[in-house]
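For reference, the structure discussed in these notes is given below.
Because only heavy atoms are used, hydrogens play no part in the values below, and waters and symmetry mates are left out as well, while side chains stay in.
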Amino acid sequence: MERIYEDRPVLDMGRARPDEKAEIQRWADDLLSGVSERQVIRDMKRRGGAHRLAEGRAHVAPQGHGDPAPGVDRAHRAADPDLSRVSGHAVRKGEIVARDVYDQILPDDVREALVTLFSDPARKTSPGNTPKWLGSLIYRCGACDDGETIMTVRRNQAGVPVYRCRNKDHCSRPAHALDAAVTDTVVRRLARADAVDLIVSVPDVDVAALRRQAMVLEQRKQQAALQFADGSIDAAQLATITATLTAKITTVRGTLA
């Protein structure tokens, strides 16, 4: 019998799928921006796609591997407390036994920022800072003489959410319909050919990277505060760390501005 030679794809057990890698990076950015875990998982469910869900837990696994890598939920963080696996490190019983073994998904500084975020005992468990209503405290009342009075969402007698003037009981508008109309207007404006003229071009500046750096620096300040609280560092060390990080954050924000 004649032998037949064929090229076959080889599963790399140390690499993550590109789509799942991008998903974890998106989670990290959202969580460090203040978005709640519930909102992150809800957004992933809404978008669907190839991302696996098991009992409401979001996770990813390397190609060809059945054991999930750490994801968003607390159960996975308990299995890998410091998220070292997503930074490419091999972990055994919570300790890093080998570095740069696997494909790195998150840089170490981002991983450490997430560890600080998750370990903060004062961390909020509220839905996060994702706004429920598009125009609450943004829309202005057109009936008021000052032109500055803002609108908030309340329910009318029929239980329907409406935008109302914050100072007077007039200018009632159905909240869902008004938000939809504003969204449609903005989308149509941005779809025009001249929309690019509204965007300021900043050459040679990675805005996304700078925002991520600012978030990581903020989490490092929080970590220093936790270390001071448990006695790992003294007040002088805390002041030095805080001043150094604050200066770096100011520089990053100045570049962004």
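Counting heavy atoms from C-beta outward, V160 and R155 have side chains that stay 4.5 Å or more apart. For the pair R173 and D179, the minimum side-chain heavy-atom distance is 4.5 Å or more. You'll find the side chain of Q223 stays beyond 4.5 Å of the side chain of F228, heavy atoms only.
Using modelled atom types, no side-chain atom of E112 and backbone atom of D109 make a donor-acceptor pair closer than 3.5 Å. Of the possible donor and acceptor atoms, none in the side chain of Y139 sits under 3.5 Å from a partner among the backbone N and O of Y163. Checked by atom type and distance alone, the side chain of D30 never pairs as donor or acceptor with a backbone atom of V40 at under 3.5 Å. Side chain of S87 to main chain of L106: a donor-acceptor pair is present (N/O by atom type, distance under 3.5 Å, no hydrogens or angles).
Residues V153 and V162 do not share a hydrophobic cluster, defined by chaining ILVMFWY side chains whose heavy atoms lie under 4.5 Å apart.
Of the inter-residue distances, the one linking Q237 atom CD with S232 atom OG reads 9.5 Å to the nearest 0.5 angstrom. Taking CG of L217 as the reference point, atom CD1 of I249 lies at 5.0 Å (rounded to 0.5 Å). Put simply, CD1 on I233 and CG on L238 are 5.0 Å apart, with the number rounded to the nearest 0.5 Å. Interatomic distance, NE2 of H89 versus CZ of R99, reported as 4.5 Å (0.5 Å rounding). Rounded to the nearest 0.5 angstrom, D194 CG and R189 CZ are separated by 4.5 Å. To the nearest 0.5 Å, atoms CD (Q213) and OG1 (T251) are separated by 9.0 Å.
Using a 4.0 Å cut-off between charged nitrogen and carboxylate oxygen, R253 and E218 count as a salt-bridge pair. The pair D29-R211 does not meet the salt-bridge criterion, since no charged nitrogen lies less than 4.0 angstrom from a carboxylate oxygen.
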Intermediate values then yes/no, side-chain contact (heavy atoms from CB on, under 4.5 Å), V182 and L134: CA-CA 9 Å; V182 171; L134 180 64; 3.9 Å; yes
K21/Q25 under side-chain contact (heavy atoms from CB on, under 4.5 Å): CA gap, chis, key distance, verdict: CA-CA 6 Å; K21 180 177 180 178; Q25 291 169 340; 3.7 Å; yes
side-chain contact (heavy atoms from CB on, under 4.5 Å) evaluation trace for L178 with M151: CA-CA 12 Å; L178 181 55; M151 311 271 289; 5.7 Å; no
Full working for side-chain contact (heavy atoms from CB on, under 4.5 Å) between D43 and R26: CA-CA 11 Å; D43 176 62; R26 177 171 181 160; 3.4 Å; yes
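In terms of heavy-atom proximity, A195 sits nearest to L190 at CB-O, 3.2 Å. Of all non-hydrogen atoms in L31 and L114, the two that sit nearest each other are CB-CD2, 4.2 Å. Here the shortest heavy-atom pairing between D230 and Q227 reads OD1-O, 2.6 Å.
Summarising the local packing, NZ of K248 is surrounded by 12 or fewer heavy atoms from other residues, nucleotides or ligands at distances under 6.0 Å.
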